[in-house]
Amino acid sequence: MFKHILLPTDGSELSGQAIAKCIAFARSIGAKVTGFHAVHEFPLLAYGAYEETGDGAPVSKADYEREAVARAQSALAAIDAAARDAGVECECLQRSASHPFAAIVAVAEERGCDLIFMASHGRKGLEGLLIGSETTRVLTHSRIPVLVYR
């Protein structure tokens, strides 16, 4: 049924669990996998090219992007390793995006994927409303079927 699965990851523990399930699923149906990580773009601030960290220290755009790319490579390495171990055809890519859900949908369409397999953190109530959910946004914007792992 499905031949090409897009597997977005944010590098979280839940995404790690979804990776294992998706790779096993892909192997069982003979599908290939495209691993994907959306690198959040550096937030442009009115007062300069710096963002404050949680401890108040400024982070430059170059430092932010370097760390974001390193996190993306680490998250995608988990997909690559799992696919290799299972004998599943896989390619991995990352893209800078101000809206990760839009990048996920766009990459799925560009790569000819026929399924998006992604984790959901299951935020509900006020937290879900305020924080939002990339998974919910993918579900509402994608014309491609979405399998949500929780």
Side-chain angles (χ1 to χ4, degrees), residues 1-45 49-51 53-54 59-124 127-150:
M1 174 182 245
F2 299 111
K3 303 287 185 211
H4 189 179
I5 303 169
L6 182 72
L7 176 55
T9 181
D10 62 6
S12 67
E13 184 179 334
L14 184 59
S15 279
Q17 294 170 17
I19 289 167
K21 295 295 184 184
C22 179
I23 296 298
F25 177 63
R27 182 176 184 200
S28 74
I29 63 171
K32 66 180 179 178
V33 171
T34 295
F36 178 70
H37 181 85
V39 177
H40 285 273
E41 291 179 349
F42 184 76
L44 295 177
L45 304 174
Y50 290 92
E51 174 184 68
T53 62
V59 175
S60 70
K61 181 177 181 183
D63 289 342
Y64 176 88
E65 289 174 349
R66 188 172 25 260
E67 290 176 18
V69 167
R71 282 191 306 274
Q73 290 172 343
S74 175
L76 292 171
I79 294 174
D80 187 57
R84 193 173 344 100
D85 290 348
V88 171
E89 182 182 345
C90 179
E91 71 170 321
C92 291
L93 60 123
Q94 63 190 32
R95 180 178 291 179
S96 181
S98 57
H99 300 291
F101 80 89
I104 291 167
V105 171
V107 168
E109 290 173 355
E110 291 165 12
R111 298 291 173 155
C113 297
D114 50 13
L115 178 68
I116 300 171
F117 189 120
M118 63 189 301
S120 173
H121 292 279
R123 293 185 182 102
K124 297 178 182 171
E127 181 184 24
L129 181 63
L130 294 175
I131 296 174
S133 164
E134 293 303 319
T135 304
T136 300
R137 290 181 182 114
V138 169
L139 283 166
T140 58
H141 289 86
S142 177
R143 294 182 304 234
I144 297 167
V146 180
L147 191 155
V148 179
Y149 178 81
R150 283 187 34 174

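Sequence positions, counted from 1, serve as the residue numbers for this chain.
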*Asks:* Let me see the working for Thr135 and Leu139 under side chain to side chain contact (heavy atoms under 4.5 Å, CB included), right down to the final yes or no.
*Replies:* CA-CA 6 Å; Thr135 304; Leu139 283 166; 4.3 Å; yes

*Asks:* Working to the nearest 0.5 Å, report the span between CZ of Arg137 and OG of Ser142.
*Replies:*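 If we round to the nearest 0.5 Å, Arg137:CZ and Ser142:OG are 15.0 Å apart.
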
*Asks:* Could you check whether atom NE2 of His4 has more than 12 heavy atoms from other residues, nucleotides or ligands sitting under 6.0 Å from it?
*Replies:*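 Above 12, so yes.
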
*Asks:* For Glu91, check salt bridge (Lys or Arg N to Asp or Glu O under 4.0 Å) against everything at least two apart and list the hits.
*Replies:*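 Glu91 satisfies salt bridge (Lys or Arg N to Asp or Glu O under 4.0 Å) with Arg111 once adjacent residues are dropped.
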
*Asks:* Hey, could you give me the CG/OG1 distance between Leu6 and Thr34, rounded to the nearest 0.5 Å?
*Replies:*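 Going from CG on Leu6 over to OG1 on Thr34, the span is 6.5 Å.
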
*Asks:* Find the distance between CE (Met118) and CZ (Phe36) and round it off to the nearest 0.5 Å.
*Replies:*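 That separation rounds to 10.0 Å.
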
*Asks:* Which heavy atom of Leu76 sits nearest to which heavy atom of Thr9, and what is that distance?
*Replies:*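 The pair with the smallest heavy-atom distance is CD2-CG2, 4.2 Å.
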
*Asks:* Report the distance from atom CG of Asp10 to atom OG of Ser15, rounding to the nearest 0.5 Å.
*Replies:*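 Here the rounded value is 3.5 Å.
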
*Asks:* Knowing that exactly one of Glu65, Arg66, Lys61 qualifies, which makes a side chain to side chain contact (heavy atoms under 4.5 Å, CB included) with Asp63?
*Replies:*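 With Asp63 as partner, side chain to side chain contact (heavy atoms under 4.5 Å, CB included) holds for just one option, Arg66.
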
*Asks:* If you measure from NZ on Lys3 to CG on Leu115, what distance do you get to the nearest 0.5 Å?
*Replies:*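 Going from NZ on Lys3 over to CG on Leu115, the span is 13.0 Å.
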
*Asks:* Salt bridge between Arg95 and Glu110, side-chain N to carboxylate O under 4.0 Å?
*Replies:*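 The answer is yes: the pair qualifies as a salt bridge.
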
*Asks:* With the side chain counted from C-beta on, respond yes when Pro100 and His40 share a heavy-atom pair under 4.5 Å apart, and no when they do not.
*Replies:*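 With C-beta onward as the side chain, the pair touches.
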
*Asks:* Can you name the nearest heavy-atom pair linking Leu7 to Phe117, along with the distance?
*Replies:*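 Looking at all heavy atoms of both residues, the shortest contact is CD1-O, 3.2 Å.
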
*Asks:* Between His141 and Val105, which heavy-atom pair has the shortest distance, and what is it?
*Replies:*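 In terms of heavy atoms, the two residues are closest at O-CG1, 4.0 Å.
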
*Asks:* Can you give me every donor-acceptor pair (side chain of residues 18-30, partner residue at least two apart or in another chain, under 3.5 Å) with its distance?
*Replies:*
from, atom 1, to, atom 2, distance (Å)
Arg27, NE, Ala86, O, 3.3
Ser28, OG, Phe25, O, 2.7

*Asks:* Show your reasoning for whether side chain to side chain contact (heavy atoms under 4.5 Å, CB included) applies to Gln94 and Gln73.
*Replies:* CA-CA 8 Å; Gln94 63 190 32; Gln73 290 172 343; 4.0 Å; yes

*Asks:* Which pair of heavy atoms, one from Gly35 and one from Ile79, lies closest together, and at what distance?
*Replies:*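 Looks like CA-CD1, 3.8 Å.
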
*Asks:* I need the Ile104 CD1 to Ile116 CD1 distance, nearest 0.5 Å.
*Replies:*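 So the gap between those two atoms works out to 7.5 Å.
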
*Asks:* Do you know the tightest heavy-atom contact between Arg150 and Ser120?
*Replies:*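 Nearest pair, atom of Arg150 first, then Ser120: CG-O, 3.6 Å.
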
*Asks:* Which heavy-atom pair separates Arg143 from Glu109 by the least distance, and what is that distance?
*Replies:*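 In terms of heavy atoms, the two residues are closest at NH2-OE2, 3.3 Å.
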
*Asks:* Treating Thr140 as the side-chain partner and Thr136 as the backbone partner, does any N or O pair qualify as donor plus acceptor under 3.5 Å?
*Replies:*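 Looks like yes, one N/O pair under 3.5 Å.
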
